[in-house]
Amino acid sequence: YKLIGGNYTFMPIECILENRGITKELFILDSSIIEDYNNYDNIQEGIELLIKHIKNKGKIRFVVDSDTDGNTSSAMLYNYIREIYPNADIEYKLHTGKQHGLSDDIKIEDGINFVILCDSSSNDFKQHKELHDRNIDVLVIDHHLCDDGYSPYATVINNQLSKRVKNKNLSGAGVVYKFLKALDDYLFENKADYYLDLVALGNVADVMDLHEK
């Protein structure tokens, strides 16, 4: 093999990392690089909406997006709720193929009170309104671009739409992690970091830029 770059005769790994833009500065990690979850628009509203439906014993349904980021992000929040509220009425729906969000293959039955969509649905304004008109609340935790801004018929938490958020490179799992950190503080828990493996998997699988701090 032939190394490109500096003289790393005895440290080829450092050379390989440097050639890929992975410098030592990226490994200097402390609390100063952590983005405050309060930078996310609507995050407190989303927490209060979730807790309201759990306390009211509402019927909660997840719509699980069909890719790895969708599966990891939904699994994080689903299992977090299950651990703290084991009697919560939560179930999930899967797409029949590679659809996303509130596509035509997803049917929300009458009697459902609350629908949660992770890693999708920021752009599903029409479907949000249909659910809103049926008195079904919708929570979207997403990272996709949405040219039309926030849906008026759903509570949307999205790093792309939140002007104060610096890290636009988090996947859906990353945004859900921020939501779980906020939930931890709201509920006086310390469980969000348990899901960091799924955060990493979601970010890598969605080919997100990991240089961002």
Side-chain angles (χ1 to χ4, degrees), residues 34-65 69-70 72-85 88-93 100-102 108 112-125 127-129 131-132 134-146 148-168 170-195 198-199 202:
I34 298 175
E35 175 117 50
D36 188 345
Y37 60 71
N38 286 305
N39 289 345
Y40 282 79
D41 297 344
N42 305 318
I43 198 163
Q44 293 300 328
E45 292 87 341
I47 287 172
E48 292 169 8
L49 188 62
L50 172 63
I51 299 302
K52 180 189 78 171
H53 282 287
I54 291 174
K55 289 185 175 180
N56 290 343
K57 303 184 185 304
K59 294 183 179 295
I60 303 171
R61 296 297 178 265
F62 279 77
V63 177
V64 180
D65 207 56
D69 190 29
T72 53
S73 56
S74 293
M76 290 162 59
L77 183 52
Y78 181 93
N79 284 291
Y80 185 104
I81 296 170
R82 271 275 178 247
E83 183 175 0
I84 298 177
Y85 300 101
D89 187 351
I90 55 172
E91 296 181 5
Y92 58 86
K93 289 180 170 291
H100 299 280
L102 291 165
I108 305 298
I112 302 302
N113 305 109
F114 188 34
V115 174
I116 300 174
L117 298 112
C118 301
D119 186 39
S120 68
S121 197
S122 288
N123 293 281
D124 292 341
F125 285 36
Q127 296 92 326
H128 297 164
K129 185 179 187 306
L131 293 175
H132 176 269
R134 293 169 57 195
N135 295 314
I136 300 173
D137 288 327
V138 178
L139 174 63
V140 173
I141 308 177
D142 192 17
H143 73 118
H144 291 98
L145 293 170
C146 182
D148 296 324
Y150 287 107
S151 169
Y153 306 106
T155 299
V156 179
I157 301 165
N158 186 317
N159 58 338
Q160 306 300 333
L161 296 174
S162 299
K163 293 182 179 179
R164 291 180 298 166
V165 170
K166 298 177 181 178
N167 188 354
K168 305 298 185 181
L170 278 180
S171 68
V175 179
V176 169
Y177 172 70
K178 290 297 184 181
F179 185 75
L180 296 187
K181 293 296 284 187
L183 265 176
D184 268 355
D185 288 348
Y186 188 90
L187 298 172
F188 299 98
E189 295 285 352
N190 186 28
K191 299 184 183 299
D193 286 353
Y194 178 78
Y195 300 98
L198 294 180
V199 178

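Numbering of residues begins at 1 and proceeds along the displayed sequence.
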Point to revise | Gap between atom CG of Leu198 and atom OG1 of Thr72 - 0.5 Å precision | key: 6.0 Å
Exercise for review: Apply side-chain contact (heavy atoms from CB on, under 4.5 Å) to the pair Met76 and Ile81, showing each step before the final yes or no.
Suggested key: CA-CA 9 Å; Met76 290 162 59; Ile81 296 170; over 6 Å; no
Review point. For the side chain of Arg134 and the backbone of Ile112, is there at least one donor-acceptor N/O pair under 3.5 Å apart?
Key: no
Point to revise | Asp119/Val176 under side-chain contact (heavy atoms from CB on, under 4.5 Å): CA gap, chis, key distance, verdict | key: CA-CA 8 Å; Asp119 186 39; Val176 169; over 6 Å; no
Check your understanding: Do Leu187 and Ile47 come within less than 4.5 Å of each other through their side chains, counting heavy atoms only?
Key -> no
Review point. Can you find a side-chain donor-acceptor pair between His143 and Asn159 that sits under 3.5 Å?
Key: no
Check your understanding: Between Gln160 and Cys146, is there a donor-acceptor pair closer than 3.5 Å when you use the side chain of the first and the backbone of the second?
Key -> no
**Study point:** Within-4.5 Å side-chain heavy-atom neighbours: Ile141 and Val156
**Key:** no
Practice item. Determine, stepwise, if the pair His128 / Ser121 fulfils side chain to side chain donor-acceptor pair (under 3.5 Å). Key: CA-CA 9 Å; His128 297 164; Ser121 197; 2.9 Å; yes
Check your understanding: Please walk me through it: do Asp148 and Asn123 pass side-chain contact (heavy atoms from CB on, under 4.5 Å)?
Key -> CA-CA 8 Å; Asp148 296 324; Asn123 293 281; 5.5 Å; no
Revision key, fill the gap. OG (Ser120) and CG (Leu102) are apart, to the nearest 0.5 Å, by 7.0 Å
Check your understanding: Would you say Arg82 and Ile90 make side-chain contact, with heavy atoms under 4.5 Å?
Key -> yes
Check your understanding: Does the side chain of Asn42 come under 3.5 Å of the side chain of Thr155 through a donor N or O and an acceptor N or O?
Key -> no
Practice item. Would you please name every residue forming a salt bridge (Lys or Arg N to Asp or Glu O under 4.0 Å) with Glu83, sequence neighbours left out? Key: Lys191
Exercise for review: Could you tell me whether Arg61 and Asp89 make a salt bridge, using a distance below 4.0 angstrom between a side-chain N and a carboxylate O?
Suggested key: yes
Practice item. Go through the structure and list residues passing ring-ring contact (aromatic ring centres under 6.0 Å, His included) with His53, not counting sequence neighbours. Key: Phe114
Practice item. Please check if any side-chain donor atom of Asn158 sits under 3.5 Å from a side-chain acceptor atom of Tyr150, or the reverse. Key: no
Review point. Between CG of Asp65 and OG of Ser73, what distance do you get to the nearest 0.5 Å?
Key: 7.5 Å
Review point. Is Asn113 reaching over with its side chain to a backbone N or O of Lys59, donor-acceptor style, under 3.5 angstrom?
Key: yes
Practice item. For residues Leu170 and Glu35, determine if any side-chain heavy atom of one lies less than 4.5 Å from a side-chain heavy atom of the other. Key: no
Check your understanding: Applying salt bridge (Lys or Arg N to Asp or Glu O under 4.0 Å), which residue pairs with at least one partner in residues 39-56 are found, sequence neighbours left out?
Key -> Lys52-Asp137
Point to revise | Lys57 side chain vs Ile54 backbone, donor-acceptor pair below 3.5 Å | key: no
Review point. So, Asp142 versus Ser122: side-chain donor-acceptor pair below 3.5 Å or not?
Key: yes
Revision key, fill the gap. dist Asn56:CG -> Ile51:CD1 (nearest 0.5 Å) comes out at 11.0 Å
Check your understanding: Just by distance, do the side chain of Ser162 and the backbone of Arg164 share a donor-acceptor pair under 3.5 Å?
Key -> no
**Study point:** Beyond-backbone contact of Val115 with Val63, side-chain heavy atoms, under 4.5 angstrom
**Key:** yes
**Study point:** Distance-only polar pair, side chains of Tyr80 and Asp184, donor-acceptor under 3.5 Å
**Key:** yes
Practice item. Would you kindly say whether Asn79 and Tyr195 are connected by a side-chain donor-acceptor distance under 3.5 Å? Key: no
Point to revise | Leu139 CG to Cys118 SG distance, which is reported to the nearest 0.5 Å | key: 7.0 Å
Point to revise | Tyr37 and Phe179 aromatic centres sub-6.0 Å | key: no
Point to revise | Distance (rounded to the nearest 0.5 Å) between Lys181 NZ and Tyr177 OH | key: 4.0 Å
**Study point:** Note, Lys178 side chain near Asn39 side chain (heavy atom, < 4.5 Å)
**Key:** no
**Study point:** Sidechain-backbone polar pair: Glu91 side chain, Phe62 backbone, donor-acceptor under 3.5 Å
**Key:** no
